[in-house]
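Worksheet for the structure shown next.
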Amino acid sequence: MAYNLLKGKKGIIFGALDEKSIAWKTALRCVEEGAEIVLTNAPIAMRLGEINRLAELCNAPVIPADVTSMDDLENLFSKTLEHFGGGVDFILHSVGMSMNLRKGNPYTDTNYDLMHKSLDISAMSLHRVLQTAMKMDAINEWGSVVALSYIAAQRVFPDYNDMADAKSMLESITRNFGYQYAVKKHVRVNTISQSPTRTTAGSGVKGFEGFIKFAEKQSPLGNASADQCADYTVTLFSDLTKMVTMQNLFHDGGFSFTGISHAVIDQMEM
Ligand code: NAI
(Lines give C-alpha, C1' and ligand atoms only; values in the text may rest on other atoms or scores of the structure.)
Protein backbone atom coordinates (compact mmCIF):
# COMPACT_ATOMS: atom_id res chain seq x y z
CA MET A 1 0.00 0.00 0.00
CA ALA A 2 1.31 3.47 -0.89
CA TYR A 3 0.82 6.61 1.21
CA ASN A 4 2.44 9.23 -1.08
CA LEU A 5 5.03 9.80 1.65
CA LEU A 6 7.68 10.86 -0.87
CA LYS A 7 5.50 12.81 -3.29
CA GLY A 8 7.61 15.41 -5.08
CA LYS A 9 10.87 14.19 -3.55
CA LYS A 10 13.99 13.30 -5.51
CA GLY A 11 16.73 10.92 -4.52
CA ILE A 12 19.77 8.81 -5.36
CA ILE A 13 19.86 5.07 -4.65
CA PHE A 14 23.30 3.43 -4.40
CA GLY A 15 23.77 -0.34 -4.48
CA ALA A 16 20.97 -2.11 -6.39
CA LEU A 17 22.72 -5.18 -7.84
CA ASP A 18 19.84 -7.60 -8.37
CA GLU A 19 16.30 -8.06 -7.15
CA LYS A 20 17.50 -9.47 -3.81
CA SER A 21 19.38 -6.23 -3.01
CA ILE A 22 18.01 -4.07 -0.21
CA ALA A 23 18.59 -1.08 -2.53
CA TRP A 24 16.49 -2.70 -5.28
CA LYS A 25 13.49 -3.07 -2.96
CA THR A 26 14.01 0.44 -1.61
CA ALA A 27 14.14 1.96 -5.10
CA LEU A 28 10.80 0.38 -5.96
CA ARG A 29 9.22 1.50 -2.67
CA CYS A 30 10.47 5.08 -3.08
CA VAL A 31 8.96 5.31 -6.56
CA GLU A 32 5.74 3.74 -5.30
CA GLU A 33 5.61 6.50 -2.65
CA GLY A 34 5.86 9.18 -5.34
CA ALA A 35 9.60 9.87 -5.54
CA GLU A 36 11.76 10.32 -8.62
CA ILE A 37 15.13 8.61 -8.40
CA VAL A 38 18.55 8.21 -9.98
CA LEU A 39 20.17 4.77 -9.70
CA THR A 40 23.90 4.22 -9.32
CA ASN A 41 26.30 1.34 -8.84
CA ALA A 42 29.94 0.48 -9.55
CA PRO A 43 30.60 0.12 -13.30
CA ILE A 44 31.61 -3.54 -12.87
CA ALA A 45 28.50 -4.36 -10.85
CA MET A 46 26.37 -2.78 -13.54
CA ARG A 47 27.77 -5.20 -16.07
CA LEU A 48 27.11 -8.19 -13.78
CA GLY A 49 23.78 -7.04 -12.40
CA GLU A 50 20.38 -6.30 -13.75
CA ILE A 51 20.13 -2.63 -12.92
CA ASN A 52 18.75 -1.68 -16.34
CA ARG A 53 15.65 -3.75 -15.63
CA LEU A 54 15.15 -1.84 -12.38
CA ALA A 55 15.78 1.44 -14.20
CA GLU A 56 12.90 0.64 -16.56
CA LEU A 57 10.59 -0.26 -13.68
CA CYS A 58 11.47 2.99 -11.89
CA ASN A 59 11.72 5.16 -14.99
CA ALA A 60 15.11 6.25 -13.66
CA PRO A 61 18.45 7.05 -15.27
CA VAL A 62 21.47 4.97 -14.26
CA ILE A 63 24.72 6.85 -13.61
CA PRO A 64 27.70 4.60 -12.87
CA ALA A 65 29.98 5.51 -9.95
CA ASP A 66 32.60 3.60 -8.02
CA VAL A 67 32.18 4.94 -4.48
CA THR A 68 35.95 4.99 -3.98
CA SER A 69 36.44 7.44 -6.89
CA MET A 70 35.98 11.16 -6.21
CA ASP A 71 35.79 11.81 -9.96
CA ASP A 72 32.95 9.31 -10.31
CA LEU A 73 31.08 10.82 -7.37
CA GLU A 74 31.48 14.38 -8.68
CA ASN A 75 30.20 13.20 -12.07
CA LEU A 76 27.27 11.41 -10.41
CA PHE A 77 26.20 14.51 -8.49
CA SER A 78 26.64 16.92 -11.38
CA LYS A 79 24.64 14.67 -13.74
CA THR A 80 21.98 14.19 -11.05
CA LEU A 81 21.69 17.95 -10.44
CA GLU A 82 21.33 18.43 -14.17
CA HIS A 83 18.74 15.65 -14.49
CA PHE A 84 16.54 16.99 -11.68
CA GLY A 85 17.28 20.65 -12.36
CA GLY A 86 18.24 20.98 -8.67
CA GLY A 87 19.27 19.10 -5.55
CA VAL A 88 18.05 15.82 -4.06
CA ASP A 89 15.97 15.20 -0.94
CA PHE A 90 17.31 11.76 -0.04
CA ILE A 91 20.20 9.38 -0.60
CA LEU A 92 20.40 5.66 0.16
CA HIS A 93 23.94 4.34 0.71
CA SER A 94 23.51 0.57 0.39
CA VAL A 95 27.09 -0.38 -0.39
CA GLY A 96 29.38 -2.93 1.21
CA MET A 97 32.18 -5.24 0.16
CA SER A 98 35.06 -7.12 1.81
CA MET A 99 37.57 -9.09 -0.26
CA ASN A 100 39.04 -10.54 2.97
CA LEU A 101 35.62 -11.95 3.72
CA ARG A 102 35.15 -13.20 0.16
CA LYS A 103 38.55 -14.88 0.09
CA GLY A 104 38.00 -16.41 3.55
CA ASN A 105 41.07 -14.71 5.05
CA PRO A 106 40.85 -15.12 8.85
CA TYR A 107 40.45 -11.87 10.84
CA THR A 108 43.77 -12.61 12.56
CA ASP A 109 45.60 -13.11 9.24
CA THR A 110 44.15 -10.25 7.25
CA ASN A 111 45.47 -8.79 4.03
CA TYR A 112 45.88 -5.07 4.79
CA ASP A 113 45.50 -3.92 1.20
CA LEU A 114 42.15 -5.69 1.13
CA MET A 115 41.21 -4.36 4.58
CA HIS A 116 41.94 -0.87 3.34
CA LYS A 117 39.58 -1.51 0.42
CA SER A 118 36.86 -2.86 2.73
CA LEU A 119 37.01 0.28 4.84
CA ASP A 120 37.07 2.54 1.80
CA ILE A 121 34.16 0.88 -0.05
CA SER A 122 31.98 0.15 2.97
CA ALA A 123 32.60 3.13 5.29
CA MET A 124 34.79 5.97 3.99
CA SER A 125 32.55 6.03 0.91
CA LEU A 126 29.77 7.53 3.04
CA HIS A 127 32.12 10.38 3.94
CA ARG A 128 33.07 10.76 0.27
CA VAL A 129 29.40 10.91 -0.75
CA LEU A 130 28.48 13.44 1.96
CA GLN A 131 31.54 15.63 1.39
CA THR A 132 30.96 15.72 -2.38
CA ALA A 133 27.28 16.49 -1.86
CA MET A 134 28.06 19.26 0.63
CA LYS A 135 30.68 20.89 -1.62
CA MET A 136 28.32 20.78 -4.59
CA ASP A 137 25.33 21.78 -2.44
CA ALA A 138 23.51 18.77 -3.86
CA ILE A 139 21.18 17.93 -0.93
CA ASN A 140 18.16 20.15 -0.27
CA GLU A 141 17.25 21.62 3.15
CA TRP A 142 15.87 18.90 5.48
CA GLY A 143 17.19 16.19 3.18
CA SER A 144 17.75 12.68 4.53
CA VAL A 145 20.63 10.25 4.07
CA VAL A 146 20.41 6.60 5.14
CA ALA A 147 23.24 4.05 5.14
CA LEU A 148 22.92 0.36 6.01
CA SER A 149 24.76 -1.14 8.94
CA TYR A 150 24.91 -4.36 10.94
CA ILE A 151 25.07 -5.11 14.70
CA ALA A 152 28.64 -6.47 14.28
CA ALA A 153 29.55 -2.77 14.71
CA GLN A 154 28.75 -3.15 18.43
CA ARG A 155 29.13 -6.88 19.19
CA VAL A 156 31.41 -9.67 18.05
CA PHE A 157 30.23 -11.86 15.19
CA PRO A 158 33.55 -13.60 14.50
CA ASP A 159 32.98 -14.42 10.83
CA TYR A 160 31.86 -10.92 9.89
CA ASN A 161 35.59 -10.19 9.54
CA ASP A 162 36.77 -6.66 8.66
CA MET A 163 33.20 -5.68 7.76
CA ALA A 164 32.65 -5.35 11.53
CA ASP A 165 35.31 -2.62 11.66
CA ALA A 166 33.89 -1.03 8.52
CA LYS A 167 30.40 -0.87 10.05
CA SER A 168 31.76 0.74 13.25
CA MET A 169 33.42 3.38 11.10
CA LEU A 170 30.28 3.84 9.01
CA GLU A 171 28.23 4.54 12.15
CA SER A 172 30.90 6.94 13.42
CA ILE A 173 30.89 8.89 10.14
CA THR A 174 27.10 9.00 10.38
CA ARG A 175 27.35 10.76 13.76
CA ASN A 176 30.19 13.10 12.87
CA PHE A 177 29.06 14.13 9.40
CA GLY A 178 25.46 14.09 10.61
CA TYR A 179 26.35 16.83 13.08
CA GLN A 180 28.04 18.96 10.40
CA TYR A 181 25.27 18.58 7.83
CA ALA A 182 22.51 19.24 10.39
CA VAL A 183 24.13 22.52 11.42
CA LYS A 184 24.85 23.54 7.85
CA LYS A 185 21.62 22.59 6.11
CA HIS A 186 19.28 20.62 8.38
CA VAL A 187 20.26 17.47 6.48
CA ARG A 188 19.86 14.35 8.59
CA VAL A 189 22.10 11.28 8.41
CA ASN A 190 21.25 7.90 9.97
CA THR A 191 22.15 4.23 9.70
CA ILE A 192 19.67 1.38 9.75
CA SER A 193 21.12 -1.72 11.41
CA GLN A 194 19.34 -4.45 9.50
CA SER A 195 18.72 -8.15 10.31
CA PRO A 196 20.79 -10.65 8.31
CA THR A 197 19.19 -10.79 4.86
CA ARG A 198 19.70 -13.25 1.97
CA THR A 199 21.44 -11.03 -0.61
CA THR A 200 24.70 -11.29 -2.56
CA ALA A 201 26.62 -9.31 0.10
CA GLY A 202 24.91 -11.10 3.01
CA SER A 203 25.46 -14.61 1.69
CA GLY A 204 29.21 -13.91 1.38
CA VAL A 205 29.56 -14.22 5.18
CA LYS A 206 30.92 -17.62 6.29
CA GLY A 207 28.24 -19.75 7.99
CA PHE A 208 25.53 -17.32 6.85
CA GLU A 209 22.71 -19.89 6.92
CA GLY A 210 23.40 -20.78 10.58
CA PHE A 211 23.73 -17.12 11.36
CA ILE A 212 20.39 -16.10 9.81
CA LYS A 213 18.53 -19.02 11.41
CA PHE A 214 19.95 -18.14 14.85
CA ALA A 215 18.91 -14.49 14.40
CA GLU A 216 15.41 -15.62 13.40
CA LYS A 217 15.07 -17.63 16.65
CA GLN A 218 16.68 -14.95 18.81
CA SER A 219 14.48 -12.09 17.54
CA PRO A 220 11.05 -11.86 19.21
CA LEU A 221 9.51 -10.63 15.94
CA GLY A 222 11.75 -12.75 13.69
CA ASN A 223 14.19 -11.33 11.15
CA ALA A 224 13.27 -8.15 9.29
CA SER A 225 13.08 -8.73 5.53
CA ALA A 226 14.58 -6.56 2.78
CA ASP A 227 11.06 -5.35 1.88
CA GLN A 228 10.46 -4.29 5.47
CA CYS A 229 13.83 -2.52 5.46
CA ALA A 230 12.68 -0.62 2.37
CA ASP A 231 9.48 0.41 4.21
CA TYR A 232 11.47 1.69 7.19
CA THR A 233 13.84 3.60 4.92
CA VAL A 234 10.89 5.32 3.23
CA THR A 235 9.77 6.66 6.63
CA LEU A 236 13.25 8.07 7.21
CA PHE A 237 13.19 9.79 3.82
CA SER A 238 9.74 11.21 4.54
CA ASP A 239 8.87 14.43 6.40
CA LEU A 240 7.52 12.37 9.31
CA THR A 241 11.01 11.84 10.78
CA LYS A 242 12.55 15.29 10.36
CA MET A 243 14.16 15.47 13.81
CA VAL A 244 15.88 12.06 13.66
CA THR A 245 19.57 12.35 12.93
CA MET A 246 23.01 10.89 13.80
CA GLN A 247 21.33 7.65 14.94
CA ASN A 248 21.97 3.99 14.43
CA LEU A 249 18.45 2.57 14.22
CA PHE A 250 18.03 -1.15 14.79
CA HIS A 251 15.64 -2.79 12.35
CA ASP A 252 15.98 -6.34 13.55
CA GLY A 253 12.76 -7.65 15.12
CA GLY A 254 14.14 -6.98 18.62
CA PHE A 255 17.37 -9.00 18.22
CA SER A 256 19.64 -6.23 19.54
CA PHE A 257 17.92 -5.99 22.93
CA THR A 258 17.23 -9.68 23.52
CA GLY A 259 19.63 -11.48 25.90
CA ILE A 260 18.23 -14.89 25.03
CA SER A 261 14.89 -16.02 23.64
CA HIS A 262 12.80 -19.02 24.64
CA ALA A 263 13.23 -20.35 21.10
CA VAL A 264 17.03 -20.42 21.55
CA ILE A 265 16.79 -21.95 25.06
CA ASP A 266 14.49 -24.67 23.73
CA GLN A 267 17.00 -25.42 20.99
CA MET A 268 19.86 -25.70 23.53
CA GLU A 269 17.87 -28.13 25.66
CA MET A 270 17.23 -30.50 22.77
P1 NAI B 1 24.09 -6.44 -2.32
O2 NAI B 1 25.25 -7.30 -2.65
O3 NAI B 1 22.87 -6.60 -3.12
O4 NAI B 1 24.51 -4.90 -2.32
C5 NAI B 1 25.83 -4.43 -2.10
C6 NAI B 1 26.09 -3.39 -3.17
O7 NAI B 1 27.35 -2.72 -2.99
C8 NAI B 1 26.13 -4.01 -4.58
O9 NAI B 1 25.15 -3.40 -5.40
C10 NAI B 1 27.53 -3.70 -5.06
O11 NAI B 1 27.63 -3.55 -6.45
C12 NAI B 1 27.80 -2.40 -4.30
N13 NAI B 1 29.22 -2.05 -4.34
C14 NAI B 1 30.28 -2.84 -3.98
N15 NAI B 1 31.44 -2.19 -4.24
C16 NAI B 1 31.11 -0.96 -4.74
C17 NAI B 1 31.85 0.16 -5.20
N18 NAI B 1 33.20 0.17 -5.17
N19 NAI B 1 31.18 1.24 -5.67
C20 NAI B 1 29.83 1.27 -5.71
N21 NAI B 1 29.07 0.23 -5.28
C22 NAI B 1 29.69 -0.87 -4.81
O23 NAI B 1 23.77 -6.76 -0.77
P24 NAI B 1 22.85 -6.03 0.32
O25 NAI B 1 22.72 -7.00 1.43
O26 NAI B 1 21.66 -5.46 -0.30
O27 NAI B 1 23.83 -4.89 0.87
C28 NAI B 1 23.47 -3.56 1.00
C29 NAI B 1 23.98 -2.98 2.31
O30 NAI B 1 23.28 -3.59 3.40
C31 NAI B 1 25.47 -3.21 2.58
O32 NAI B 1 26.02 -2.07 3.20
C33 NAI B 1 25.43 -4.36 3.57
O34 NAI B 1 26.60 -4.44 4.36
C35 NAI B 1 24.22 -3.95 4.39
N36 NAI B 1 23.64 -4.99 5.24
C37 NAI B 1 23.34 -6.21 4.71
C38 NAI B 1 22.87 -7.21 5.52
C39 NAI B 1 22.62 -8.58 4.97
O40 NAI B 1 22.56 -9.53 5.74
N41 NAI B 1 22.45 -8.72 3.66
C42 NAI B 1 22.62 -6.99 6.97
C43 NAI B 1 22.92 -5.65 7.41
C44 NAI B 1 23.43 -4.70 6.56
Side-chain angles (χ1 to χ4, degrees), residues 1-69 71-73 75-85 88-99 102 121-122 125-126 129 138 144-148 150 192 194-205 208 212 223-238 251:
M1 186 167 160
Y3 307 89
N4 266 336
L5 284 176
L6 305 182
K7 194 164 189 272
K9 293 197 186 293
K10 298 169 171 60
I12 305 177
I13 305 279
F14 285 80
L17 180 67
D18 57 32
E19 60 186 15
K20 295 195 292 308
S21 300
I22 296 168
W24 184 290
K25 316 264 188 201
T26 311
L28 289 172
R29 276 302 276 125
C30 289
V31 170
E32 201 183 26
E33 288 297 331
E36 283 176 67
I37 58 168
V38 162
L39 295 166
T40 182
N41 208 328
I44 172 111
M46 293 183 44
R47 284 199 292 277
L48 299 172
E50 304 156 35
I51 200 165
N52 289 331
R53 188 155 60 84
L54 179 64
E56 267 177 43
L57 292 172
C58 295
N59 192 22
V62 184
I63 305 172
D66 182 322
V67 288
T68 63
S69 158
D71 287 345
D72 281 10
L73 290 174
N75 178 58
L76 168 67
F77 278 107
S78 72
K79 292 226 165 95
T80 301
L81 289 169
E82 203 180 295
H83 171 72
F84 287 135
V88 297
D89 304 293
F90 63 86
I91 296 177
L92 177 70
H93 176 288
S94 185
V95 176
M97 164 77 157
S98 163
M99 282 309 289
R102 292 212 165 264
I121 294 173
S122 314
S125 60
L126 179 64
V129 166
S144 173
V145 179
V146 169
L148 285 160
Y150 184 59
I192 292 178
Q194 163 68 7
S195 292
T197 313
R198 284 188 184 85
T199 61
T200 304
S203 313
V205 179
F208 184 75
I212 196 167
N223 286 331
S225 69
D227 282 310
Q228 288 165 330
C229 187
D231 285 344
Y232 190 32
T233 305
V234 163
T235 67
L236 289 171
F237 289 160
S238 81
H251 183 252

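Everything numeric in this text was worked out from a predicted model, so none of it was measured. Sequence positions, counted from 1, serve as the residue numbers for this chain.
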Exercise. Taking it one step at a time, do Arg53 and Glu56 satisfy salt bridge (Lys or Arg N to Asp or Glu O under 4.0 Å)?
Worked result: CA-CA 5 Å; Arg53 188 155 60 84; Glu56 267 177 43; over 6 Å; no
Exercise. Only one of Thr197, Thr26, Leu148 clears side-chain contact (heavy atoms from CB on, under 4.5 Å) with Cys229; which?
Worked result: Leu148
Can you tell me how far apart [atom1] ([X]) and [atom2] ([Y]) are? Round to the nearest 0.5 Å.
X	Y	atom1	atom2	result
Thr233	Glu33	OG1	CD	12.0 Å
Ile192	Thr235	CD1	OG1	7.0 Å
Ser125	Met97	OG	CE	12.5 Å
Leu17	Met46	CG	CE	11.0 Å
Ile12	His93	CD1	NE2	12.0 Å
Leu39	Cys58	CG	SG	5.5 Å

For this session: Report the C-alpha distance between Ser69 and Asp71 in whole Å, list the side-chain angles of each, state the deciding distance to 0.1 Å, and finish with yes or no for side-chain hydrogen bond (donor to acceptor under 3.5 Å, both in side chains).
Result: CA-CA 5 Å; Ser69 158; Asp71 287 345; 5.2 Å; no
Non-hydrogen atoms of [X] and [Y] that approach each other most closely:
X	Y	value
Ala45	Asn41	CB-OD1, 3.5 Å
Asn223	Pro196	OD1-CD, 4.3 Å
Arg198	Phe208	CG-CE2, 3.9 Å
Gly34	Asn4	CA-OD1, 4.5 Å
Ala23	Leu92	CA-CD2, 3.9 Å
Ser94	Ile22	OG-CB, 4.2 Å

For this session: Indicate whether any N or O donor in one side chain lies under 3.5 Å from an N or O acceptor in the other, for Asp66 and Thr68.
Result: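 The answer is yes; a qualifying pair exists.
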Exercise. Backbone N or O of Trp24 within a donor-acceptor pair of the Glu19 side chain at under 3.5 Å?
Worked result: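 Not at all, since once roles are kept as given, no pair shorter than 3.5 Å links the two residues.
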Exercise. Any donor and acceptor pair, going by atom type alone, linking the side chain of Ser21 with main-chain N or O of Ala16 inside 3.5 Å?
Worked result: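 Answer holds: no.
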For this session: Start with the C-alpha gap between Asp89 and Ser144, add the side-chain angles, then the distance that decides, and say whether side chain to side chain contact (heavy atoms under 4.5 Å, CB included) holds.
Result: CA-CA 6 Å; Asp89 304 293; Ser144 173; over 6 Å; no
Problem set entry | ring pair (Phe, Tyr, Trp, His ring centres under 6.0 Å) partner of Phe90, chosen from Phe14, Phe84, Phe237 | Phe237
Exercise. Would Leu28 and Leu54 count as a side chain to side chain contact (heavy atoms under 4.5 Å, CB included) if you check the C-alpha gap in whole Å, the side-chain angles of each, and the deciding distance to 0.1 Å?
Worked result: CA-CA 8 Å; Leu28 289 172; Leu54 179 64; 3.9 Å; yes
Problem set entry | Pair Val31-Ile37, side chain to side chain contact (heavy atoms under 4.5 Å, CB included): steps then yes or no | CA-CA 7 Å; Val31 170; Ile37 58 168; 3.9 Å; yes
